[in-house]
Amino acid sequence: MHDLKLLRENIAALRDGMRRRGKLDALGSVIDRAEVLDRERRAVLARIEEKQATRNAASQDVARRKKAGEDAADVIARTRALGDEIAALQRDYDAQFGELEGLQYELPNIPLADVPEGGEESNRVVRTWGEPRPHDGVRPHWEVGEQLGILDLPRGAKIAGSGFIVYRGGGARLVRSLIAFLLDLATREHGYEEVWVPTLVNRRSMMGTGQLPKFEDDAYVTTDDLFLIPTAEVPVTNLYRDEVLDAGDLPKALTAYSQCFRREAGAHGKDTRGLIRVHQFDKVELVRYAAPEDAPAQLELLTSHAEDALRRLELPYRVKVLAAGDTGFASAKTYDLEVWAPGVNAWLEVSSCSTFTDFQARRANIRYRPAAGEKPRFVHTLNGSGLAFPRTIIALLEHHQRADGTVAVPHALRPYLGADTLG
RNA sequence: GGAGUGGUGGCCGAGAGGCUGAAGGCGGCGGUUUGCUAAACCGUUAUAGGGUUGAAAAGCCCUAUCGAGGGUUCGAAUCCCUCCCACUCCGCCA
């Protein structure tokens with residue numbers, strides 16, 4: 001959500017941000033309408049407040065007269081009429097403000113200046129690590145997974161549906177090992193505080209991080225109007241909703257393991273085989289809160305933490321900076337980490353590291369006080385996966401695959417798994 | 001699920017239709033005193049929005065906010081309704 005002042009003071013920056021996303025055609029009219037609504041609404045507000053001031057003065061007059069034993073019937077009659085006028089104006093105001101608020105939720109964040117313009121085709125690889133293994137002879141993960149008895153996709157489909165995984169034996173243990181390994185890495189070596197959060201959150205939390213109102217169809221909802229989280233970003237970022245942090249609390253670094261749920265409505269048929277795209281998956285999430293001036297450096301740091309996880313798993317990857325048009329709705333800048341999966345012959349996104357500037361913080365009302373006595377400012381929020389499991393497991397099963405179909409376990413994971421080979 | 005009690009500023013806590021944006025205390029900030037520290041004393045200290053003066057820093061005026069939303073009233077922290085949250089007891093259940 002943007003500051004309404006942007007409409008008055010720097011509408012050009014807003015417009016330019018939408019242009020760089022390639023969305024000006026679609027959203028230019030939204031900006032124009034919002035600007036008009038904001039202006040009109042302030043005019044109505046001025047009239048309301050003026051009448052309220054008059055009413056307040058009159059009410060005090062009533063009090064004074066009654067105390068003095070005088071009659072106040074005429075003032076009361078006048079003030080009653082005033083109350084009706086205020087109520088009518090208030091209805092106008094509410095309608096205008098409601099529409100304006102709806103428009104605000106339509107507008108995505110403004111990309112940072114160093115984000116390339118254009119769509120997906122303008123994404124840029126900024127660095128690569130490791131040697132991508134050739135596709136030749138490497139079998140896809142669903143084949144080795146089934147052969148080794150660690151993946152049972154048919155039974156997952158039977159008990160829940162397509163896109164729900166059953167891991168078993170060494171596969172189940174691999175998931176548990178990854179949870180422990182990634183949380184240990186984040187807490188012991190990268191300085192994150194580990195948190196354990198609810199998997200169901202309320203509507204307000206989903207609004208806070210930007211999943212709602214625009215993307216309600218992507219989420220699973222319960223009959224109690226609770227949402228299955230699509231990522232631990234939602235509960236963890238909302239942890240400090242409506243709070244004011246001390247400057248000394250920043251930067252704040254939190255990590256959480258959670259299961260994640262996504263309906264992936266409309267995504268069927270495209271790159272969905274095996275574990276590539278599923279409805280329920282595991283993820284260790286990294287979340288940071290930063291002072292605005294520190295946020296760009298914090299994004300680099302956060303990204304390096306996710307990269308470190310891949311390096312220790314000995315998985316080749318590349319880092320892409322997303323072009324404006326491919327950057328997520330609430331993000332101002334995103335690095336995608338893509339791991340190489342030779343069996344399916346593709347780079348797979350395993351982590352998306354983003355800075356949201358104050359876009360989420362404004363929605364969720366998360367502030368900090370720069371110094372004692374100063375006014376609170378919105379923090380900048382950041383997050384990234386460290387890492388998302390199914391695709392990490394794909395890469396592990398494919399990149400570390402041996403000719404006999406067994407899989408070598410990366411050194412860092414061996415103590416957790418208690419084995420150096422799967423199969 | 002049933003019965004009850006409660007939710008007030010950064011924190012604690014008074015207030016029970018008008019003089020209450022809110023006593024008092026703690027904490028914070030500024031100052032006085034003090035060889036330093038402590039203590040004492042004085043002052044100050046909520047958030048958001050709108051308007052206005054100003055180059056700006058900031059000032060001034062107004063409005064709203066006492067868990068959230070509605071209602072009653074000329075006027076609501078205070079009365080009524082709904083919801084949320086916390087606590088106590090009962091019931092149920094891993």
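Chain letters run A, B, ... following the sequence lines, proteins first, then strands; residues in each count from 1.
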Using whole Å, what does the distance between atom [atom2] of nucleotide [N] and atom [atom1] of [X] come to?
X: A:Ile86; N: B:A64; atom1: CD1; atom2: C1'; value: 12 Å
X: A:Asn56; N: B:A76; atom1: CG; atom2: C1'; value: 12 Å
X: A:Asp242; N: B:G9; atom1: CG; atom2: C1'; value: 16 Å
X: A:Asp3; N: B:A48; atom1: CG; atom2: P; value: 11 Å
X: A:Lys51; N: B:U63; atom1: NZ; atom2: C1'; value: 15 Å
X: A:Ile76; N: B:G18; atom1: CD1; atom2: P; value: 15 Å
X: A:Gln52; N: B:C62; atom1: CD; atom2: P; value: 13 Å
X: A:Arg65; N: B:G18; atom1: CZ; atom2: C1'; value: 15 Å

Proximal nucleotide (of [options]) relative to the [X] side chain:
X: A:Ala63; options: B:G49, B:G51, B:G18; result: B:G18
X: A:Pro376; options: B:G49, B:U47, B:C74; result: B:U47
X: A:Arg367; options: B:C74, B:A48, B:G49; result: B:A48
X: A:Ala53; options: B:U63, B:C74, B:G49; result: B:U63
X: A:Arg369; options: B:U47, B:G75, B:G49; result: B:U47
X: A:Val62; options: B:G18, B:U47, B:G49; result: B:G18
X: A:Arg55; options: B:G51, B:U47, B:G75; result: B:G75

Have a look at A:Ser59 and say if it touches a base, only the backbone sugar-phosphate, or nothing, with a 4.0 Å heavy-atom cut-off.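 Base contact.
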Polar contact flag, side-chain donor to acceptor under 3.5 angstrom, [X]-[Y]:
X: A:Glu314; Y: A:His400; result: no
X: A:Thr187; Y: A:Glu194; result: no
X: A:Tyr416; Y: A:Arg176; result: no
X: A:Asp249; Y: A:Tyr240; result: no
X: A:Thr237; Y: A:Asn383; result: no
X: A:Tyr93; Y: A:Arg41; result: yes

Can a donor-acceptor pair under 3.5 Å be found between the side-chain atoms of A:Glu49 and the base atoms of B:G49?
yes
- Message: It should be established whether A:Arg42 places a side-chain nitrogen or oxygen under 4.0 Å from OP1 or OP2 of nucleotide B:G51.
- Response: yes
Using OP1 and OP2 only, check whether a side-chain N or O of A:Arg204 sits under 4.0 Å from B:C83.
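A:Arg204 to B:C83 OP1/OP2: no side-chain N or O under 4.0 Å.
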[atom1] atom, [N] versus [M]: distance in rounded Å?
N: B:U45; M: B:A58; atom1: P; value: 16 Å
N: B:U72; M: B:U88; atom1: C1'; value: 32 Å
N: B:G67; M: B:U78; atom1: C1'; value: 16 Å
N: B:G17; M: B:G31; atom1: P; value: 44 Å
N: B:G21; M: B:C66; atom1: C1'; value: 9 Å
N: B:A3; M: B:U82; atom1: P; value: 12 Å
N: B:G6; M: B:C80; atom1: P; value: 12 Å
N: B:G24; M: B:A46; atom1: P; value: 14 Å

*Lys NZ or Arg CZ of A:Arg311 over A:Tyr317 ring: under 6.0 Å, within 45°*: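 So A:Arg311 doesn't make the cation-pi contact.
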| Whichever of A:Asp94 and A:Arg41 has its nearest RNA chain B nucleotide further upstream toward 5' |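 Looking at RNA chain B, the more 5' nearest nucleotide goes with A:Arg41.
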- Do the charged groups of A:Asp246 and A:Lys252 touch, with an N to O distance under 4.0 Å?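 No, this pair does not count.
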**Item:** Under-4.0 Å salt bridge between A:Arg78 and A:Asp61
**Value:** no
Output row for RNA chain B, stems defined as at least 3 consecutive Watson-Crick or G-U pairs under 3.5 Å, is B:1-7 with B:84-90, B:10-12 with B:24-26, B:27-32 with B:40-45, B:46-53 with B:58-65, B:67-71 with B:79-83
